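Numbers here are sequence positions counted from 1. Since the structure is predicted, the reported quantities are computational estimates derived from the model, not experimental observations.
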Amino acid sequence: MMIKNSLKTTFSPALPIATLFLSLTITPVSVIAEDAINKTPSLSLHGDTKYSKGFKHFDYVNPDASKGGSLRMAGMGTFDSLNPYIEKGTPASGIGLIYDTLMTSSADEPFSMYALVAQYAEPAIDNSGITFHLNPAARFHDGQPITAQDVVFSFETLRDKGSPFYKAYYGDIAKAEALSKRSVRFVFKDNRNPELPLIISQLPVLPKHFWEQETNNFELANLNKPLGSGPYKVRSAEPGRSVVYERVEDYWGKDLPVNKGRYNFDTRRYDYYRDSNVSLQALKAGEYDIRYENIARNWATAYDTPAVTKGNLVLEAIPTKAPQGMQGFAFNLRRDLFKDVNVRRALNYAMDFEWLNKNLFYNSYTRTQSYFANSDMEATGIPQGKELAYLEPYRDQLPDKLFTEPHKLPVTDGSGRIRNQLNEALALMEQADWKLESGSLRKNGKPFEFEILLYDSSMEKVALPLKKNLEAMGVKATIRIVDISQYINRIRSFDYDMLVTRFPQSSSPGNEQRDFWGSESADLPGSRNMMGIKNPVIDGLIKNVINAESRADLVAAVKALDRVLLWNEYMIPQWYLSSNRVAYWKPLNHPLSKPDQQPLYQFDLDSWWKEPDNTKATGPAADSTDKEEAEKGMPLWPAGILLAILILGWFIRQSKRQK
C-alpha cells in the first residue's frame, strides 16, 4: 500500500498518520512502454493503468472548474509545527498541500500512479530497482529547479531523520543515487516485493538547498515556513488559531493532466477549535465551509436548521469504494494485564454494539467484523484454498477453532441486558486465573483495573456504556480525556492501557502491515503498532502479503492475516460506514454530483470548487479571502484623492475670500 498523495488534505488530527494511505493492488508492475528502455509516465500493480499516455485530465474532475475563493475548514486542538514528517510536535492541518511527490495517484483507481515531478519512470524488468526522470519544468517555490540531488536528499532525510514510519516503509530500498541532474535511481534490497516501485513513486520531494541552511533544522518542530513545490504555500500560521495556505499563481505543475480541474481555491484556511461541539455550531453559523461528520447523532439530529431546509447548507453521504479497515478499543499488550488472549476475548463481551447502534447511532453503522472491512479481503467462513495453504505451516501455533469455525463477535438483543454475555466473560476470566471476589475481579490479590485514553469528548458516550458493563464484571475502568497534543505524545511513547484507534486499509495492503503489527515495530516509538503485537505467525503472514505475485495471492494472503488478527482478539471492534458524510455550504460544488459518477477510492477534496456567481450571495458569511482583504483596511489611493480634493477646495474658498 502507498503513502497517500494528499498529506495535502487532512481529515482527522486524531489519526495524524492514518490519513497518509493510498489504495493499491499488489501484482507484478505493468507499464506503458515509452521507448525501448522501458520509460513510462504511469505505473500500475494490476494490469494496465486506466489513463494512457497523453490523457487530458482525470475523468472524475471538472476540468473547467472555477478558480478562486477560499475554502475554510475546521482543525481540532492546536498545532506547533509546519513539518509533518517528524515525530516531534503536532503538524498543522493541510501542510502537505505545499509538497509535490514524484508521481501521484488517481482517485478512481485503486492501484495506479501518474507523472508529476517525475516525467517518466523506468522500472527494472527484474524489479531490482527503478529510475525516475524528472520533469525539466519542475520548480520549488523560490524558482530553483528540482534535481536528482533533491530526490536523494529527500529519501535519505525521511529515512534517517523522519518519523519511524519512513524507516520501516522504505526498509526494502537499499539506496538512492543521482545518475544525472534529472535522473535518479533507487536500488531495491529484494526484487520479490512488487510494490516497491509504487511506494517510492510517492516520495515527497524536499528542497536540499533549503534544509541544508544553518537556520533550518529538519529535526526541529517549529513554525518556520518551509519551502515546497506544490500547488500551495503557507501564508500564515498562528498556533491554536489558524493556518492559511495560498495558491501559487505560477505553480509549475498547474497544467499537468493530473492537476487539471484540481486545486481550485485561492486560499485554504483551517480555523482551530478545542471542542467538536463548538466546531459544529461554528459550521452552522457559517464560520467555515465544509465538515466531515463522523458522529451519527449529529448527522441525524443536529442539522435541523433553516439553512439545510433552504438548501444552502447541503448534507450529503458520498459513497466510497475504499476498504474501511478496523476501528475499535485497542489493548496495549505491553501491559501484563492484557497479555492473555482469554482476557482480551472476555472484555469483548462488555461492548454491546447492538444497544449502541440502536440508542446512539440511529442504526446507521455496520459492526466491523474484519481488519479489512468493506472489501473482498475479509476473512469469512472457514479457511479454504490458497488462504488455507498460507495458514497450514502455522497450524500448531494457532487455535484449532480457527480452522473449523468462523470468528464471531458477541451479539446481543439490543435491550442493554447482557447478563448472559457477562457470565461468559467471567468464565473466560477464570481461565486466566482472575476470580470475582466481593464484586471485584482479582488475581493474586490485585484488582483488574485500567485506563481508557481518549482525546475526543464525543467518544466518551461510547466508552461510558463499556465502562458500566465492565464494572458489572468486576473490572474498574477509568476514562481519561486529554488534549490532542498530550494524546499524540502518549501514543508515540505507548503510554496507555487502552485507546480508540483506527487502522485504515487500502485495496492493496502491503509494506505498511509491518508497521501496523510487525514484531520489529512493536518497540519502535512512534510506530503504528499500537497494540505492541509480537507474533511470529503474523510476521510470516505479512511477508506473504508483501510478496504476493497476483491479485488472487494477495487476497488469500490478506484473508489469512485477517483471520489470525481476529482470533488473537487484539481489539474490541467498533463499526464502519461505507460512505463519507459531508456537510457543506453552497456555493461549494464537487464533481461527484454528476449522475453517472462512480464512487471513488479516495475522497478528493482537491477537486472541489466554488461557483463564482454565488460566491458572495449564498455562502457562509463572507469569503475568508475578502475578510482578510477587508482587515487590511481601505487602500491608500482613494483616501489620497479625497484629501487632495478637500485641500484644493480650501484654497479656492480662501482665494475667493481674499478677493
Side-chain angles (χ1 to χ4, degrees), residues 1-2 21 23-28 45-47 110-111 172 190 192-195 321-328 341 344-345 348 366-409 411 503-519 521 529 531 533-571 573 576 578 601:
M1 188 180 71
M2 306 293 302
F21 294 109
S23 301
L24 291 169
T25 303
I26 295 180
T27 56
L45 287 179
H46 185 223
F111 42 70
D172 285 340
D190 187 342
R192 292 178 298 173
N193 186 341
E195 191 182 30
K321 288 183 179 179
Q324 294 304 299
M326 169 67 77
Q327 176 179 300
V341 67
R344 303 194 297 269
R345 185 173 293 119
N348 258 280
T366 301
R367 185 76 191 269
T368 302
Q369 304 279 350
S370 166
Y371 283 79
F372 304 87
N374 198 44
S375 78
D376 61 347
M377 297 173 287
E378 296 185 42
T380 58
I382 60 175
Q384 298 178 353
K386 288 186 177 181
E387 180 194 351
L388 180 59
Y390 282 126
L391 292 169
E392 279 292 354
Y394 308 105
R395 183 180 281 270
D396 61 345
Q397 302 174 62
L398 296 170
D400 293 337
K401 289 183 178 180
L402 180 146
F403 294 92
T404 60
E405 300 177 12
H407 182 269
K408 293 180 180 179
L409 296 173
V411 178
F503 295 95
Q505 295 291 351
S506 75
S507 296
S508 172
N511 283 23
E512 76 291 339
Q513 305 302 310
R514 290 173 174 164
D515 201 38
F516 283 161
W517 15 78
S519 296
S521 65
N529 190 339
M531 287 87 81
I533 298 172
K534 293 182 179 180
N535 187 320
V537 175
I538 289 175
D539 293 337
L541 294 174
I542 290 173
K543 290 180 181 179
N544 293 336
V545 170
I546 292 172
N547 296 330
E549 296 182 354
S550 69
R551 179 66 187 177
D553 288 346
L554 174 66
V555 170
V558 173
K559 284 184 175 182
L561 174 61
D562 185 33
R563 195 176 300 274
V564 174
L565 289 170
L566 289 169
W567 277 92
N568 274 283
E569 314 289 351
Y570 294 126
M571 299 182 71
Y576 72 90
S578 58
Y601 290 93

* To do: Check the pair Lys559, Tyr390 against side-chain contact (heavy atoms from CB on, under 4.5 Å), reporting the backbone distance first and the verdict last.
  => CA-CA 9 Å; Lys559 284 184 175 182; Tyr390 282 126; over 6 Å; no
* Is the closest side-chain heavy-atom distance between Leu388 and Arg395 below 4.5 Å? -> yes
* Asked: Glu549 versus Pro194: any side-chain heavy-atom pair under 4.5 Å?
  -> no
* Answer yes or no: is there a side-chain heavy-atom contact under 4.5 Å between Pro573 and Asn348? => yes
* To do: Could you please spell out the steps behind the side-chain contact (heavy atoms from CB on, under 4.5 Å) verdict for Gln369 and Asp562?
  => CA-CA 10 Å; Gln369 304 279 350; Asp562 185 33; over 6 Å; no
* To do: State whether the side chain of Arg192 and the backbone N or O of Ile546 hold a donor-acceptor pair below 3.5 Å, judged by distance alone.
  => no
* Kindly compute the distance separating CD (Glu387) from CG (Leu541), expressed to the nearest 0.5 Å. => 9.5 Å
* Asked: Can the ring centres of Phe503 and Trp517 be said to be less than 6.0 Å apart?
  -> yes
* Asked: Do Val545 and Leu554 have side-chain heavy atoms sitting under 4.5 Å apart?
  -> yes
* What do the steps show when you test Thr404 against Ile382 for side-chain contact (heavy atoms from CB on, under 4.5 Å), and what is the final call? -> CA-CA 6 Å; Thr404 60; Ile382 60 175; 5.6 Å; no
* Glu512 side chain to Gly510 backbone, donor-acceptor under 3.5 Å -> yes
* **Whether over 12 other heavy atoms sit under 6.0 Å from Lys543 NZ** => no
* **Heavy-atom side-chain contact between Trp567 and Val341 under 4.5 Å** => no
* Would you say Arg344 and Asn568 make side-chain contact, with heavy atoms under 4.5 Å? -> yes
* **Salt bridge flag under 4.0 Å for residues Arg514 and Asp172** => yes
* Asked: Measuring from Phe403:CZ to Leu391:CG, what's the distance to the nearest 0.5 Å?
  -> 5.0 Å
* To do: Look up atom CZ in Phe372 and atom CD in Gln513, then write down how far apart they are to the nearest 0.5 Å.
  => 4.5 Å
* Any side-chain heavy atom of Gln505 within less than 4.5 Å of one from Met326? -> no
* Asked: Do Ile533 and Phe516 touch side chain to side chain, with heavy atoms closer than 4.5 Å?
  -> no
* Asked: Which value, rounded to the nearest 0.5 Å, describes the distance between Thr380 atom OG1 and His407 atom NE2?
  -> 13.5 Å
